[in-house]
Protein chains: 2
Amino acid sequence: MSLPAQRDELQAADKLTLYKQIRHDIERRILAGEWPPGHRIPFEHELMARYRCSRMTVNKALSELAQADLIERRRRAGTFVRRPQHLSAVLKIADIRAEIIGLGRSYAYELIHCSRRAANAADRARLGVRKAGKVIAIACRHSADNVPFAIEDRLIDLDTVPEAAAADFTTEPPGSWLLHHVPWTEAEHTIGAVVADERTAAGLDIAVGAPCLVIDRYTWRSARTVTAVRLHYPGDSHRLVARFKGG
Amino acid sequence: MSLPAQRDELQAADKLTLYKQIRHDIERRILAGEWPPGHRIPFEHELMARYRCSRMTVNKALSELAQADLIERRRRAGTFVRRPQHLSAVLKIADIRAEIIGLGRSYAYELIHCSRRAANAADRARLGVRKAGKVIAIACRHSADNVPFAIEDRLIDLDTVPEAAAADFTTEPPGSWLLHHVPWTEAEHTIGAVVADERTAAGLDIAVGAPCLVIDRYTWRSARTVTAVRLHYPGDSHRLVARFKGG
DNA sequence: TACGATTATATGTCTAGACATATATGTCAA
DNA sequence: TTGACATATATGTCTAGACATATAATCGTA
């Protein structure tokens, strides 16, 4: 099986702590194919002997690998390399202002429309709420280097976020405001493609019928709806990138 | 601060282990806003006293929360609730056959084109390899309930996956074959929107100019290119859904 | 042979310590 | 006031045990 080395050699390799060394060592073998899916990884007590450490240290390394779905641990049976199932990619969807500034481009924001109203039936359906309440409806545009980057169409539930009534969305993008004023929400994203209708085309300064990437984000907090937003990006210039590890 | 309860009450609540109880208890407070971003969480020794357990148990709970980016741990300073930064969503991109079957729909696969050739310049650029080698080029179509679901355009690097030369892609989708024969790859996804050109429209049985979601997946394994694939989905019917927690 | 009870064992969690390490903070001198 | 240094402290990692628990394997019985 050629597990390498003594603990000392491993630690000499770089300056990581022991459990990280063990984790990386096992991960390397899995990713390199040395231990293929289904392979039984040495028992904890064997790894203890090999790395000359206590069981808790081995356990910490294996627990993290199990959390990452790289291995599967079965009582009495042992620990096995998992067969990758779904390609779970991590998609980082940044706040648009932060994203554009992070790209080193100049950011511009324009508020197109902002109104406060009692939620109508369509609003309630979109926010997934039953009771009638007040909402803020916002349309705005984000630009990078003075080129339209995305247009945004948003509803904010004022019952959940009453402070939003006092916010000034003429200068601050609602997404950024919410990010700083409503901590720790949960969300669901839906990504699709559409062709630009007249209004979208005008907003993004593209041709009617040009492809657009659409991201719908529905955000809630402790079972209460916070906001629903639809973002249109020019499809030929914007791309979402997701990186992952897993098969 | 009203940390609740004795350890016994916590455990009585449900049947989770103690460190999970602690983790959930702290997570609940953060998500509910009781402990807002920047708030300093009680020190480990305080939590030890509150939950009447050893430091390792508290530490395990806090370590997992730190891994999930919910909290930030600073030596000597303490542990703090993080301000959510980027909305990192987990996007599960399943093997298409598995995805369709998982939706309870009938799956059909058609191989449109399959050829083996020496990599030309375009192939090498797409695969990100310098040296000339052999590749397999595949075009195929996935259908759900006999309606076109996606068309696939793929290159496989035969230098990395020589076994693919013997695979039969007339009946098995290349994605499924690779998933079962090339374990534990890494990948990068790029998601965009285009309008259907004539070939795409014909393949998906939609109108020319209709919106399509495009996913490019580039897959490698231990620094070796495995495959590059471009998938076109009808934009009006297919949507990617990503869920997440994090602000 | 088939099935139910028993046993052995690998993982899951937990403890009460220990030392390492980064760093906030206070102290003292220039 | 400022910068260099010392110190205190919270987290980071590790140990050598312990008991709990799920389950694969074995054994016994119908």
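Keep in mind that what you see is a predicted model, and the values were worked out from it rather than measured. A, B, ... follow the sequence lines: proteins, then strands. Residue 1 opens every chain.
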query: Would you say the side-chain atoms of H142(A) and Y107(A) include a donor-acceptor pair closer than 3.5 Å?
result: yes
query: What is the distance, rounded to the nearest whole Å, between atom CD of Q21(B) and atom P of dT13(C)?
result: 12 Å
Could you go over nucleotides 17-20 of chain D and give all protein N or O partners under 3.5 Å, atom names and distances?
unit_1: dA18(D); atom_1: N6; unit_2: R55(A); atom_2: NH1; d: 3.3

query: With a 4.0 Å cut-off on heavy atoms, is S63(B) in touch with a base, just the backbone sugar-phosphate, or nothing at all?
result: nothing
- request: Return the orientation label for the W177(A) and F169(A) ring planes: parallel under 30°, perpendicular over 60°, tilted otherwise.
  value: perpendicular
dT11(C) phosphate, OP1 or OP2, under 4.0 Å from T79(A) side-chain N/O: yes
- prompt: Rounded to whole angstrom units, what separation is found between the CG atom of N59(A) and the P atom of dG12(C)?
  reply: 6 Å
- prompt: Just how far, in rounded Å, is C1' of dG12(C) from CE of M48(A)?
  reply: 15 Å
message: Rounded to whole Å, please give me the gap between CZ in R40(B) and P in dT11(D).
response: 8 Å
field: For atom CZ of F80(B) and atom C1' of dT11(D), their distance in whole Å
entry: 11 Å
message: If the condition is side chain to side chain donor-acceptor pair (under 3.5 Å), which residues does E44(A) pass it with, not counting sequence neighbours?
response: R55(A), N59(A), R73(A)
- prompt: Does K20(A) place a side-chain N or O at less than 4.0 Å from the phosphate oxygens OP1/OP2 of dG12(D)?
  reply: no
message: With no hydrogens and no angle check, just 3.5 Å: does a side-chain donor-acceptor pair link E163(B) and H181(B)?
response: no
query: Side-chain N or O of K60(A) less than 4.0 angstrom from OP1 or OP2 on dT13(D)?
result: yes
field: Nearest-Å distance for atom pair CD1/C1', residues I22(A) and dT13(D)
entry: 12 Å
- line: The nucleotide from dA16(C), dT11(D), dT13(D) with an atom nearest the side chain of S54(B) is dA16(C)
field: Validation row: R154(B), T227(B) side chains within 4.5 angstrom (heavy atoms)
entry: yes
- request: Please report, rounded to the nearest Å, how far the P atom of dT11(C) is from the CD atom of E64(A).
  value: 17 Å
Atom-pair distance (CD on E44(B); P on dG12(D)), nearest Å: 7 Å
- prompt: Distance only, no hydrogens: is a donor on one side chain within 3.5 Å (strictly under) of an acceptor on the other, for D145(A) and S106(A)?
  reply: yes
message: Heavy atoms from C-beta onward define the side chain here; which of dA10(C), dT15(D), dT15(C) lies closest to that of H45(A)?
response: dA10(C)
field: Which nucleotide in dA24(D), dA22(C), dG12(D) has an atom nearest any side-chain atom of R76(B)
entry: dA22(C)
task: Ignoring hydrogens and angles, state whether a donor on the side chain of T225(B) or Y218(B) is under 3.5 Å from an acceptor on the partner side chain.
output: yes
- prompt: Mapping A77(A) and Y19(A) onto DNA chain D by nearest heavy atom, which one lands closer to the 5' end?
  reply: Y19(A)
